[in-house]
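For reference, the structure discussed in these notes is given below.
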Amino acid sequence: MLKSLTFGALTAAVLGTAAIAETEQLRVGMSGGYFPFTFVKQDQLQGFEVDVMDAVGKVAGLDIAYETMTFSGLVGALESGRIDTIANQITITPEREAKFAFSQPYVIDGAQVVVRKGNEEVGSVEDLRGRSVAVNLGSNFEQLLHELPYAEDIDIRTYESNIAQDTALGRVDAFVMDRVSSVQLIKESPLPLELAGAPFSEIRNALPFADTEEGRALRDRIDAALDTLRADGTLTEISMKWFGSDITVAQ
Amino acid sequence: MRALDFDYMLGLVPVILSYVPITLAMAGASMVLALALASLLAVERVIKVPVLDRLVVLFISFFRGTPLLVQLFLFYFGLPQLLPALANINGVTAAIMGLTLHFAAYMAESIRAAIAGVDRSQWEAAQSIGMTQAQMMRRIILPQAARIAAPTLVNYFIDMIKGTSLAFTLGVTEMMGAAQKEAAGSFLYFEAFLVVAVIYWIMVEALSQVQGRLETRLNKAFAR
(Lines give C-alpha, C1' and ligand atoms only; values in the text may rest on other atoms or scores of the structure.)
Protein backbone atom coordinates (compact mmCIF):
# COMPACT_ATOMS: atom_id res chain seq x y z
CA MET A 1 0.00 0.00 0.00
CA LEU A 2 2.77 2.37 1.02
CA LYS A 3 4.77 1.37 -2.02
CA SER A 4 1.98 2.05 -4.49
CA LEU A 5 1.33 5.37 -2.80
CA THR A 6 4.94 6.52 -2.99
CA PHE A 7 5.44 5.37 -6.55
CA GLY A 8 2.20 7.05 -7.52
CA ALA A 9 3.52 10.30 -6.14
CA LEU A 10 6.79 9.77 -7.96
CA THR A 11 5.11 9.15 -11.31
CA ALA A 12 3.00 12.24 -10.78
CA ALA A 13 6.10 14.27 -10.03
CA VAL A 14 7.89 13.03 -13.14
CA LEU A 15 4.89 13.27 -15.48
CA GLY A 16 3.75 16.57 -14.02
CA THR A 17 6.57 18.50 -15.66
CA ALA A 18 6.14 16.80 -19.02
CA ALA A 19 2.36 17.06 -19.31
CA ILE A 20 2.02 20.83 -19.04
CA ALA A 21 4.38 21.60 -21.91
CA GLU A 22 1.30 21.89 -24.20
CA THR A 23 0.15 25.42 -23.32
CA GLU A 24 2.56 28.27 -23.76
CA GLN A 25 4.12 28.70 -20.40
CA LEU A 26 6.67 30.84 -18.66
CA ARG A 27 8.70 28.98 -16.07
CA VAL A 28 9.48 31.44 -13.30
CA GLY A 29 12.04 30.59 -10.64
CA MET A 30 11.94 32.09 -7.15
CA SER A 31 13.27 31.19 -3.72
CA GLY A 32 9.94 31.25 -1.92
CA GLY A 33 11.94 32.51 1.05
CA TYR A 34 12.21 36.28 0.61
CA PHE A 35 9.44 38.00 2.50
CA PRO A 36 7.36 39.83 1.31
CA PHE A 37 8.47 39.35 -2.30
CA THR A 38 8.10 35.60 -2.36
CA PHE A 39 7.11 33.47 0.60
CA VAL A 40 4.76 30.69 1.61
CA LYS A 41 1.90 30.65 4.10
CA GLN A 42 0.01 27.43 4.65
CA ASP A 43 1.54 25.98 1.51
CA GLN A 44 0.38 28.96 -0.55
CA LEU A 45 3.09 30.69 -2.58
CA GLN A 46 2.51 34.43 -2.49
CA GLY A 47 4.10 37.86 -2.36
CA PHE A 48 4.84 40.88 -4.51
CA GLU A 49 6.71 38.87 -7.15
CA VAL A 50 3.88 36.36 -7.46
CA ASP A 51 1.30 39.12 -7.98
CA VAL A 52 3.51 40.84 -10.57
CA MET A 53 4.17 37.64 -12.50
CA ASP A 54 0.51 36.61 -12.41
CA ALA A 55 -0.40 40.01 -13.87
CA VAL A 56 2.36 39.75 -16.49
CA GLY A 57 1.12 36.30 -17.47
CA LYS A 58 -2.41 37.55 -17.88
CA VAL A 59 -1.38 40.46 -20.13
CA ALA A 60 1.19 38.49 -22.16
CA GLY A 61 -1.08 35.46 -22.53
CA LEU A 62 1.36 33.12 -20.82
CA ASP A 63 0.69 30.39 -18.32
CA ILE A 64 2.98 31.06 -15.35
CA ALA A 65 4.58 28.00 -13.77
CA TYR A 66 6.43 28.71 -10.52
CA GLU A 67 9.51 26.75 -9.53
CA THR A 68 10.90 27.28 -6.06
CA MET A 69 14.44 26.43 -5.05
CA THR A 70 17.17 27.84 -2.81
CA PHE A 71 18.34 31.24 -4.01
CA SER A 72 21.81 30.07 -4.98
CA GLY A 73 20.31 27.43 -7.28
CA LEU A 74 18.24 29.92 -9.28
CA VAL A 75 20.96 31.29 -11.55
CA GLY A 76 22.20 27.78 -12.31
CA ALA A 77 18.66 26.77 -13.23
CA LEU A 78 18.31 29.76 -15.56
CA GLU A 79 21.67 29.06 -17.19
CA SER A 80 20.87 25.41 -17.76
CA GLY A 81 17.52 26.32 -19.30
CA ARG A 82 15.37 24.79 -16.58
CA ILE A 83 13.53 28.05 -15.98
CA ASP A 84 12.89 31.02 -18.28
CA THR A 85 13.41 33.81 -15.78
CA ILE A 86 13.91 34.60 -12.09
CA ALA A 87 11.42 36.73 -10.16
CA ASN A 88 13.36 37.25 -6.96
CA GLN A 89 14.44 40.90 -6.93
CA ILE A 90 17.38 40.33 -9.23
CA THR A 91 19.45 43.52 -9.35
CA ILE A 92 20.89 44.58 -12.68
CA THR A 93 24.71 44.56 -12.46
CA PRO A 94 27.28 44.86 -15.27
CA GLU A 95 28.37 41.25 -14.72
CA ARG A 96 24.84 39.94 -14.94
CA GLU A 97 24.04 42.16 -17.94
CA ALA A 98 26.93 40.60 -19.82
CA LYS A 99 25.34 37.21 -19.27
CA PHE A 100 21.58 37.74 -19.35
CA ALA A 101 19.00 39.80 -21.24
CA PHE A 102 17.20 41.94 -18.66
CA SER A 103 13.67 43.27 -18.76
CA GLN A 104 13.00 46.87 -17.69
CA PRO A 105 13.45 47.39 -13.94
CA TYR A 106 10.18 46.97 -12.08
CA VAL A 107 11.53 47.76 -8.60
CA ILE A 108 13.86 50.64 -7.78
CA ASP A 109 15.30 50.42 -4.32
CA GLY A 110 18.36 50.89 -2.13
CA ALA A 111 20.72 48.67 -0.15
CA GLN A 112 20.03 48.89 3.58
CA VAL A 113 22.03 48.03 6.67
CA VAL A 114 19.94 46.37 9.41
CA VAL A 115 21.13 45.76 12.97
CA ARG A 116 19.84 44.24 16.16
CA LYS A 117 17.57 46.63 18.02
CA GLY A 118 19.56 48.78 20.45
CA ASN A 119 22.85 48.38 18.60
CA GLU A 120 24.21 51.93 18.93
CA GLU A 121 27.55 51.12 17.38
CA VAL A 122 26.38 50.68 13.82
CA GLY A 123 24.45 53.71 12.56
CA SER A 124 25.37 53.70 8.88
CA VAL A 125 27.24 51.79 6.22
CA GLU A 126 30.51 53.52 7.28
CA ASP A 127 30.24 51.87 10.68
CA LEU A 128 30.53 48.41 9.11
CA ARG A 129 34.33 48.78 9.22
CA GLY A 130 35.61 46.05 11.48
CA ARG A 131 32.18 44.41 11.83
CA SER A 132 30.65 41.17 10.63
CA VAL A 133 27.87 41.50 8.08
CA ALA A 134 25.54 38.82 6.75
CA VAL A 135 24.32 38.75 3.15
CA ASN A 136 22.46 36.19 1.11
CA LEU A 137 24.72 33.94 -0.94
CA GLY A 138 24.78 34.98 -4.59
CA SER A 139 22.96 38.23 -3.86
CA ASN A 140 23.99 41.59 -5.26
CA PHE A 141 24.50 42.99 -1.75
CA GLU A 142 27.61 40.90 -1.33
CA GLN A 143 29.02 42.62 -4.44
CA LEU A 144 27.99 46.07 -3.15
CA LEU A 145 29.86 45.46 0.10
CA HIS A 146 32.96 44.34 -1.77
CA GLU A 147 32.89 47.60 -3.71
CA LEU A 148 33.13 49.74 -0.56
CA PRO A 149 36.56 51.39 -0.21
CA TYR A 150 37.04 49.74 3.18
CA ALA A 151 35.70 46.34 2.10
CA GLU A 152 38.84 44.62 3.39
CA ASP A 153 37.95 45.61 6.94
CA ILE A 154 34.47 44.09 6.77
CA ASP A 155 33.88 40.48 7.72
CA ILE A 156 31.34 39.59 5.02
CA ARG A 157 29.48 36.36 5.71
CA THR A 158 27.35 34.72 3.06
CA TYR A 159 24.25 32.81 4.06
CA GLU A 160 21.84 30.46 2.29
CA SER A 161 18.99 31.81 4.41
CA ASN A 162 18.08 33.20 7.83
CA ILE A 163 20.32 36.33 7.82
CA ALA A 164 17.71 38.23 9.85
CA GLN A 165 17.61 35.56 12.51
CA ASP A 166 21.38 35.48 12.93
CA THR A 167 21.54 39.26 13.24
CA ALA A 168 18.79 39.23 15.85
CA LEU A 169 20.68 36.53 17.74
CA GLY A 170 23.84 38.65 17.69
CA ARG A 171 25.86 36.15 15.68
CA VAL A 172 26.67 38.92 13.21
CA ASP A 173 26.66 42.69 13.75
CA ALA A 174 24.38 43.49 10.82
CA PHE A 175 22.88 42.27 7.59
CA VAL A 176 22.45 44.03 4.28
CA MET A 177 19.36 43.63 2.16
CA ASP A 178 17.14 45.86 0.04
CA ARG A 179 15.42 48.69 1.90
CA VAL A 180 11.81 47.78 1.22
CA SER A 181 11.95 44.22 2.42
CA SER A 182 14.03 45.32 5.43
CA VAL A 183 11.30 47.76 6.44
CA GLN A 184 8.64 45.13 5.90
CA LEU A 185 10.59 42.49 7.77
CA ILE A 186 11.08 44.73 10.80
CA LYS A 187 7.39 45.53 10.80
CA GLU A 188 6.05 42.01 10.40
CA SER A 189 8.54 39.74 12.12
CA PRO A 190 8.91 39.28 15.86
CA LEU A 191 12.69 39.71 15.52
CA PRO A 192 14.29 42.67 17.40
CA LEU A 193 15.79 44.55 14.46
CA GLU A 194 16.12 48.13 13.27
CA LEU A 195 17.40 50.06 10.26
CA ALA A 196 20.89 51.55 10.53
CA GLY A 197 20.98 54.78 8.57
CA ALA A 198 19.83 55.54 5.04
CA PRO A 199 20.06 53.23 2.02
CA PHE A 200 23.59 53.41 0.60
CA SER A 201 23.20 52.54 -3.04
CA GLU A 202 20.41 52.63 -5.62
CA ILE A 203 19.53 49.28 -7.05
CA ARG A 204 17.32 48.45 -10.02
CA ASN A 205 15.68 45.07 -10.04
CA ALA A 206 14.48 43.30 -13.16
CA LEU A 207 13.77 39.93 -14.74
CA PRO A 208 16.76 38.17 -16.34
CA PHE A 209 16.31 36.00 -19.44
CA ALA A 210 18.75 33.79 -21.33
CA ASP A 211 20.76 35.90 -23.80
CA THR A 212 19.62 33.87 -26.81
CA GLU A 213 17.24 34.70 -29.65
CA GLU A 214 14.47 32.86 -27.86
CA GLY A 215 15.27 34.48 -24.53
CA ARG A 216 15.35 37.98 -25.99
CA ALA A 217 12.03 37.44 -27.78
CA LEU A 218 10.50 36.32 -24.51
CA ARG A 219 12.05 39.32 -22.74
CA ASP A 220 10.49 41.73 -25.29
CA ARG A 221 7.12 40.14 -24.74
CA ILE A 222 7.39 40.49 -20.95
CA ASP A 223 8.71 44.05 -21.31
CA ALA A 224 5.63 45.00 -23.32
CA ALA A 225 3.43 43.46 -20.63
CA LEU A 226 5.28 45.44 -17.94
CA ASP A 227 4.69 48.64 -19.99
CA THR A 228 0.97 47.92 -20.00
CA LEU A 229 0.91 47.16 -16.27
CA ARG A 230 2.86 50.32 -15.51
CA ALA A 231 0.53 52.44 -17.67
CA ASP A 232 -2.72 51.08 -16.21
CA GLY A 233 -1.50 51.41 -12.62
CA THR A 234 -1.40 47.70 -11.83
CA LEU A 235 2.27 47.78 -10.78
CA THR A 236 1.62 50.66 -8.38
CA GLU A 237 -1.44 48.89 -7.03
CA ILE A 238 0.51 45.68 -6.32
CA SER A 239 3.29 47.71 -4.67
CA MET A 240 0.80 49.56 -2.46
CA LYS A 241 -0.73 46.24 -1.40
CA TRP A 242 2.56 44.81 -0.15
CA PHE A 243 4.56 47.88 0.86
CA GLY A 244 2.17 50.78 1.34
CA SER A 245 4.37 52.80 -1.02
CA ASP A 246 5.28 52.70 -4.69
CA ILE A 247 8.60 50.95 -5.11
CA THR A 248 8.18 50.47 -8.85
CA VAL A 249 9.32 54.03 -9.68
CA ALA A 250 12.42 56.02 -8.68
CA GLN A 251 11.85 58.06 -5.52
CA MET B 1 12.29 33.94 25.77
CA ARG B 2 8.99 33.87 23.98
CA ALA B 3 6.33 31.19 24.16
CA LEU B 4 6.02 28.66 21.36
CA ASP B 5 3.23 29.35 18.90
CA PHE B 6 1.40 26.03 19.15
CA ASP B 7 -1.46 27.07 16.90
CA TYR B 8 1.01 27.85 14.16
CA MET B 9 2.74 24.50 14.64
CA LEU B 10 -0.53 22.63 14.55
CA GLY B 11 -1.49 24.39 11.33
CA LEU B 12 1.87 23.49 9.83
CA VAL B 13 1.59 19.75 10.49
CA PRO B 14 -0.79 18.95 7.59
CA VAL B 15 1.26 21.18 5.29
CA ILE B 16 4.51 19.36 6.03
CA LEU B 17 2.74 15.97 6.01
CA SER B 18 1.59 16.61 2.45
CA TYR B 19 5.27 16.52 1.44
CA VAL B 20 5.93 13.14 3.08
CA PRO B 21 4.98 11.22 -0.12
CA ILE B 22 7.53 13.04 -2.30
CA THR B 23 10.22 12.52 0.34
CA LEU B 24 9.41 8.80 0.66
CA ALA B 25 9.10 8.38 -3.10
CA MET B 26 12.57 9.82 -3.67
CA ALA B 27 14.10 7.79 -0.85
CA GLY B 28 12.22 4.61 -1.84
CA ALA B 29 13.16 4.77 -5.51
CA SER B 30 16.78 5.57 -4.62
CA MET B 31 16.88 2.67 -2.17
CA VAL B 32 15.65 0.11 -4.73
CA LEU B 33 18.08 1.34 -7.38
CA ALA B 34 20.99 1.70 -4.96
CA LEU B 35 20.46 -1.81 -3.58
CA ALA B 36 20.55 -3.29 -7.08
CA LEU B 37 23.63 -1.30 -8.07
CA ALA B 38 25.40 -1.93 -4.77
CA SER B 39 24.81 -5.71 -5.03
CA LEU B 40 26.40 -5.75 -8.49
CA LEU B 41 29.31 -3.64 -7.29
CA ALA B 42 29.82 -5.78 -4.19
CA VAL B 43 29.76 -9.06 -6.11
CA GLU B 44 32.25 -7.57 -8.55
CA ARG B 45 34.48 -6.53 -5.65
CA VAL B 46 34.44 -10.10 -4.38
CA ILE B 47 35.13 -11.90 -7.66
CA LYS B 48 37.30 -9.04 -9.05
CA VAL B 49 36.74 -8.94 -12.82
CA PRO B 50 39.94 -7.56 -14.40
CA VAL B 51 39.81 -3.90 -15.54
CA LEU B 52 36.19 -3.56 -14.37
CA ASP B 53 37.46 -3.92 -10.82
CA ARG B 54 39.62 -0.80 -11.20
CA LEU B 55 36.62 1.16 -12.43
CA VAL B 56 34.45 -0.04 -9.54
CA VAL B 57 37.16 0.94 -7.06
CA LEU B 58 37.32 4.39 -8.67
CA PHE B 59 33.53 4.74 -8.58
CA ILE B 60 33.29 3.83 -4.91
CA SER B 61 36.22 6.07 -4.04
CA PHE B 62 34.68 9.09 -5.78
CA PHE B 63 31.15 8.72 -4.45
CA ARG B 64 32.34 8.05 -0.92
CA GLY B 65 34.94 10.77 -1.14
CA THR B 66 32.74 13.73 -2.07
CA PRO B 67 29.72 15.20 -0.26
CA LEU B 68 26.24 14.36 -1.51
CA LEU B 69 25.44 18.06 -2.00
CA VAL B 70 28.48 18.48 -4.24
CA GLN B 71 27.40 15.47 -6.31
CA LEU B 72 23.87 16.81 -6.68
CA PHE B 73 25.15 20.20 -7.86
CA LEU B 74 27.58 18.47 -10.20
CA PHE B 75 24.80 16.48 -11.89
CA TYR B 76 22.12 19.10 -11.92
CA PHE B 77 23.94 22.35 -12.62
CA GLY B 78 27.35 21.20 -13.83
CA LEU B 79 26.86 18.35 -16.30
CA PRO B 80 24.29 20.12 -18.52
CA GLN B 81 27.05 22.55 -19.49
CA LEU B 82 28.94 19.63 -21.04
CA LEU B 83 25.96 17.59 -22.22
CA PRO B 84 23.03 19.90 -23.03
CA ALA B 85 20.64 16.93 -23.22
CA LEU B 86 20.96 16.58 -19.45
CA ALA B 87 19.20 19.91 -18.99
CA ASN B 88 15.97 17.99 -19.49
CA ILE B 89 16.20 15.88 -16.36
CA ASN B 90 14.09 17.35 -13.60
CA GLY B 91 15.04 17.87 -9.98
CA VAL B 92 13.33 14.71 -8.74
CA THR B 93 15.20 12.54 -11.24
CA ALA B 94 18.50 14.28 -10.50
CA ALA B 95 17.99 13.84 -6.76
CA ILE B 96 17.22 10.12 -7.20
CA MET B 97 20.30 9.73 -9.43
CA GLY B 98 22.49 11.46 -6.88
CA LEU B 99 21.15 9.56 -3.88
CA THR B 100 21.41 6.25 -5.77
CA LEU B 101 25.03 6.67 -6.83
CA HIS B 102 26.12 8.13 -3.51
CA PHE B 103 24.55 5.48 -1.33
CA ALA B 104 25.32 2.59 -3.72
CA ALA B 105 29.00 3.32 -3.07
CA TYR B 106 28.51 2.98 0.69
CA MET B 107 26.16 0.01 0.46
CA ALA B 108 28.53 -1.84 -1.88
CA GLU B 109 31.14 -1.81 0.87
CA SER B 110 28.74 -3.04 3.51
CA ILE B 111 27.40 -5.79 1.23
CA ARG B 112 30.97 -6.78 0.35
CA ALA B 113 31.77 -7.07 4.04
CA ALA B 114 28.63 -9.15 4.54
CA ILE B 115 29.62 -11.51 1.71
CA ALA B 116 33.07 -11.84 3.22
CA GLY B 117 31.38 -12.58 6.54
CA VAL B 118 29.67 -15.70 5.22
CA ASP B 119 31.61 -18.65 6.54
CA ARG B 120 34.22 -20.11 4.18
CA SER B 121 32.73 -23.57 4.64
CA GLN B 122 29.58 -22.39 2.86
CA TRP B 123 31.60 -21.61 -0.29
CA GLU B 124 33.38 -24.93 -0.12
CA ALA B 125 30.19 -26.88 0.43
CA ALA B 126 28.55 -25.16 -2.55
CA GLN B 127 31.56 -25.87 -4.72
CA SER B 128 31.67 -29.50 -3.64
CA ILE B 129 28.20 -30.17 -5.00
CA GLY B 130 29.20 -28.63 -8.33
CA MET B 131 27.45 -25.27 -8.24
CA THR B 132 28.65 -22.62 -10.67
CA GLN B 133 29.86 -19.35 -9.22
CA ALA B 134 26.61 -17.58 -10.22
CA GLN B 135 24.44 -20.28 -8.59
CA MET B 136 26.55 -20.23 -5.49
CA MET B 137 26.22 -16.45 -5.16
CA ARG B 138 22.52 -16.35 -5.77
CA ARG B 139 21.43 -19.38 -3.77
CA ILE B 140 23.95 -19.77 -0.97
CA ILE B 141 26.04 -16.68 -0.33
CA LEU B 142 23.78 -13.67 -0.99
CA PRO B 143 20.83 -14.87 1.15
CA GLN B 144 23.16 -15.30 4.10
CA ALA B 145 24.95 -12.03 3.38
CA ALA B 146 21.58 -10.24 3.29
CA ARG B 147 21.01 -11.17 6.91
CA ILE B 148 24.34 -9.75 7.94
CA ALA B 149 23.98 -6.60 5.84
CA ALA B 150 20.35 -5.82 6.71
CA PRO B 151 20.92 -3.58 9.76
CA THR B 152 23.53 -1.42 8.03
CA LEU B 153 21.43 -1.21 4.86
CA VAL B 154 18.43 0.02 6.86
CA ASN B 155 20.78 2.59 8.38
CA TYR B 156 21.66 3.81 4.90
CA PHE B 157 17.97 4.02 4.04
CA ILE B 158 17.44 6.23 7.08
CA ASP B 159 20.32 8.41 5.92
CA MET B 160 18.75 8.51 2.48
CA ILE B 161 15.42 9.74 3.82
CA LYS B 162 17.24 12.56 5.54
CA GLY B 163 19.41 13.13 2.47
CA THR B 164 16.34 14.04 0.43
CA SER B 165 16.25 17.31 2.38
CA LEU B 166 19.00 18.49 0.01
CA ALA B 167 16.67 18.18 -2.98
CA PHE B 168 15.29 21.67 -2.33
CA THR B 169 18.52 23.07 -3.75
CA LEU B 170 17.50 21.37 -7.01
CA GLY B 171 14.06 22.91 -6.99
CA VAL B 172 12.21 19.96 -5.47
CA THR B 173 10.01 21.14 -2.64
CA GLU B 174 10.11 18.30 -0.14
CA MET B 175 9.54 18.42 3.63
CA MET B 176 12.54 20.60 4.45
CA GLY B 177 11.96 22.94 1.50
CA ALA B 178 8.35 23.41 2.57
CA ALA B 179 9.44 24.18 6.15
CA GLN B 180 12.07 26.68 4.97
CA LYS B 181 9.54 28.56 2.87
CA GLU B 182 6.99 28.63 5.67
CA ALA B 183 9.64 29.93 8.09
CA ALA B 184 10.54 32.68 5.64
CA GLY B 185 6.96 33.94 5.67
CA SER B 186 6.25 33.63 9.39
CA PHE B 187 9.74 34.16 10.91
CA LEU B 188 8.82 31.40 13.35
CA TYR B 189 11.99 29.44 12.65
CA PHE B 190 11.97 27.30 15.75
CA GLU B 191 8.36 26.22 15.27
CA ALA B 192 8.76 25.43 11.56
CA PHE B 193 11.96 23.44 11.97
CA LEU B 194 10.70 21.67 15.07
CA VAL B 195 7.61 20.44 13.21
CA VAL B 196 9.67 19.10 10.34
CA ALA B 197 12.20 17.51 12.73
CA VAL B 198 9.50 15.67 14.65
CA ILE B 199 7.91 14.37 11.44
CA TYR B 200 11.26 13.04 10.17
CA TRP B 201 11.83 11.47 13.57
CA ILE B 202 8.46 9.70 13.58
CA MET B 203 9.06 8.41 10.06
CA VAL B 204 12.45 6.96 11.01
CA GLU B 205 11.02 5.48 14.21
CA ALA B 206 8.35 3.70 12.16
CA LEU B 207 11.08 2.38 9.91
CA SER B 208 12.98 1.04 12.92
CA GLN B 209 9.92 -1.05 13.77
CA VAL B 210 9.98 -2.49 10.26
CA GLN B 211 13.69 -3.17 10.68
CA GLY B 212 13.05 -5.18 13.83
CA ARG B 213 10.53 -7.37 12.05
CA LEU B 214 12.76 -7.75 8.99
CA GLU B 215 15.65 -8.92 11.16
CA THR B 216 13.49 -11.47 12.97
CA ARG B 217 12.44 -12.87 9.62
CA LEU B 218 15.93 -13.01 8.16
CA ASN B 219 17.21 -14.65 11.33
CA LYS B 220 14.55 -17.36 11.40
CA ALA B 221 16.82 -20.00 9.90
CA PHE B 222 19.42 -19.23 12.54
CA ALA B 223 17.14 -19.07 15.56
CA ARG B 224 18.01 -21.48 18.30
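Lettering follows sequence order; numbering is per chain, from 1.
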Open item on the list: Is the ring pair B:Phe187/B:Tyr189 parallel, tilted or perpendicular, if the boundaries are 30 and 60 degrees?
Closed with: perpendicular
Open item on the list: With no hydrogens and no angle check, just 3.5 Å: does a side-chain donor-acceptor pair link B:Thr152 and B:Asn155?
Closed with: no
Open item on the list: Using heavy-atom distances under 4.5 Å, tell me whether A:Thr38 contacts chain B through its side chain, its backbone, both, or neither.
Closed with: neither
Task: Interface moiety of A:Glu160 toward chain B, non-hydrogen atoms closer than 4.5 Å - done: neither
- [ ] Among A:Ile83, A:Leu45, A:Leu191, A:Asn162, single out the residue with the greatest number of heavy-atom pairs under 4.5 Å to chain B.
- [x] A:Asn162
Task: Closest-packed option against chain A by number of heavy-atom pairs under 4.5 Å, given B:Thr173, B:Ile89, B:Thr169 - done: B:Thr169
TODO: Determine whether the aromatic ring centres of B:Tyr200 and B:Phe193 lie less than 6.0 Å apart.
DONE: no
- [ ] To the nearest 0.5 Å, tell me how far B:Glu44 CD sits from B:Leu40 CG.
- [x] 10.0 Å
Where does [X] contact chain A at under 4.5 Å (heavy atoms): side chain, backbone, both or neither?
| X | result |
| --- | --- |
| B:Thr23 | neither |
| B:Tyr76 | both |
| B:Glu182 | both |

Open item on the list: Salt bridge check, A:Arg216 against A:Asp211: does any charged N sit closer than 4.0 Å to a carboxylate O?
Closed with: yes
- [ ] Mark yes or no: A:Arg221 above the aromatic ring of A:Phe209, with NZ or CZ under 6.0 Å from the six-membered ring centre and no more than 45 degrees from the axis.
- [x] no
